[in-house]
Amino acid sequence: MSLAGVATRPATRISRRNILLPMMPSVLIIDDEIRFCNSLEVLLKSEGYQTDIVNTGAQAFHFLQQRAYSVALVDINLPDINGNHIAARIGEEHPGTAVIILTGNATIDNAVESLRHGVYDYIRKPCSPEQLLRTVARSIQHKQLKQDLHNSEKRFRQLAQATWEGIIIYERGELLQTNSQLCQMFGYQEDELLGKQIFDVLLDRNSIRSMSLPEDSDTIGPFEARGVRKNGATFPVEIRVKHIDYQGRQVQVAAIRDVTANETALRQKIALTKKLADAQRMESLGLMASSVAHDLNNIMAGIITYPELLLMDLGDDFKYREELLMIREAGKRAAAVVNYLLTVARGATCKKEVHNVNTLVASYLKSVEFKELNHRYPEVKITPYLEGKLHNISCSTMHLSKSIINLVNNAAEAIQTKGQIILSTKNIQLLAPLHGYEAIEAGEYVVISVEDDGPGISSQDIKQIFSPFYSKKVMGRSGTGLGLAVVWNTVHDHGGYIDVVSTGKGSLFALYFPVDRSEICQAAQPAPTISHYHGNGQKILVVDDQQSQREIARRLLSRLGYQVLTVKSGEEAIAFLQTTRVDLVMLDMLMDPGINGCETYEQIIKHVPGQKAIITSGYSNRKDIDRAMDLGINQFVKKPYSIHELAQALNMEIKSAHSSV
């Protein structure tokens, strides 16, 4: 279901008498496109959200005065007030409401201005229902996280202003009197303390530090120190001292407060602040990655495809053949970096099939990557230990193989000179949860372990090794620095867990994947040569909004023996097919402006039932692909594609068309 496909109906208005806070998350839709608003309302209500619709900025502010909303979906171009101005005012007057900008005319300037006004996200119309629902849910979580941080800061301030808990009266360090709160704090009876020196029983002399200037001339302190309980345990305390008259002589009275709660609250505040900062950076990275992935992969297509076409025409002895190969491989590496960003930032999911991990490990040990690693680190010995009757798992072979490569590469880089890496697989059944690097639920698992005898990971570094914002990679030598972040996302996308153990004698990374009892997938047959996939003059309609992509596709398809026709939008494709028949349509998933690939195909099959098509895209999520397949599209080719990948997809789809006739 797309937003454009939702039936329209009259907007529901709230009662003006209802000014209570909503029991369920509520969304205010601010847009002057009635049909779009109605589609949004149907979608959001199906997910349990309460929704209201307004068509102007003035109406929006009226509704916001009547009721608190979790999220405001704001069109940037309204008839009376600019969407960014509405966002700024909501941020000032209704800080508990997350703002998401919707626009059909996205520009860099608008996006920057929106983010400057504190907008949570900036979505371009048309958008998929999945993207919208995910963004709305995350915006609510984001606001809750900020509220939790605010509450933590409030608690911290309240604790800092709390009264002192323990009182002692002393003279020249000798304890004269205490109260029950202090005795309870330190674990003593009062008679055990009287006559004793403070620094012999209560405080660590070396830990005393002045905190600030005295608040008045009669007060000494405040100080911070470590209190020492009767059982020897230490804890943080805050001390203030004053001079008083006691039984005819001047002595000191000290108020001692246990500030363990303060220390805990401070740690929680720091953790929440870091979590919030990471969440904000991840959202920014995700917005950036998904925005540029489509365009960047389109650029990479030319860098990869044209060298491939040239190499097909030039002999093996061509003078610059090696340079052309280097250009093509550089383009592939750049495309891989984009995919890395998408995996890390958007948590992009992947298609999974049942496989045996031993097969993947065996393939890696024969791969080019493994040979290059051996060449780079000739004194590092890599020893596999694979369990013979290993259970199967459901996985994406590409992502899992990349995780194995990343872990082994990291282990070799940690060793640097001479050492050993053990790559092992085994079956494990946990009868109870295992609390390691993260909590691992009880169950049956296949475990992939990579163990090295390098210098280990410091206790400070090990806490953040999976963060995409932390890396010790050497620029230009060790890779992107996203390797472990990709491993973390891959394992958790597969429903698995990670355990890490590191000492001064080495490190062990263990990846836990749930066992799958389904039948294993059949091994893929060796790919035939490109000539096997040549066409026979069939007509192919290429639909892509980028002229460069249409030209690349035209050249590849012509080389493969097809007749090529091109149009630049989904609307043009629909009109074209009403008068002209073609054997197959090659659709770009994301096209701007206008309808996307799925929407185009949905309209095409209304006019030409059974029309065969394949989808190509530089960026689309799994749900987009599933929707296309539900419509009848069986082949998806990710940009930038090679001539072999494109030829195979076309051949399979055209053959399926003939076999169904």
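For the numbers below, each heavy atom of this structure counts, side chains included, while hydrogens, waters and symmetry mates do not. Not measured: the values here are computed from a predicted model. Position 1 is the first residue of the sequence; numbering continues from there.
A salt bridge does not link K606 to E602: none of the charged nitrogens lies less than 4.0 Å from a carboxylate oxygen. Checked for salt-bridge contact, K568 and D588 miss the test: no charged N lies under 4.0 Å from a carboxylate O. A salt bridge links D52 with R67: the distance from a Lys NZ or Arg NE/NH1/NH2 to an Asp or Glu carboxylate oxygen falls below 4.0 Å. Note on E130 versus R627: no salt bridge recorded, every NZ/NE/NH1/NH2 to OD/OE distance being 4.0 Å or above.
Scanning both residues, G57 and L78, for their nearest heavy atoms gives N-CD1, 4.2 Å.
In this structure, the side chain to side chain contact (heavy atoms under 4.5 Å, CB included) partners of S394, at least two apart in sequence or on a different chain, are K352, D516.
The side-chain tip of R89 points at the ring of F61 from less than 6.0 angstrom away and within 45° of straight on. A cation-pi arrangement is not found for K143 relative to Y120, the charged atom failing to lie both closer than 6.0 Å to the ring centre and inside a 45° cone about the ring normal.
No close placement of the H94 and Y69 rings is indicated, their centers lying 6.0 Å or farther apart. Proximity of the aromatic rings of Y445 and Y512 is defined here by a centroid distance below 6.0 angstrom, and this criterion is met.
Using a 4.5 Å heavy-atom threshold, the side chains of D32 and T56 count as separate.
Here CG of D75 is found 12.0 Å from CD1 of I29. Values are rounded to the nearest 0.5 Å.
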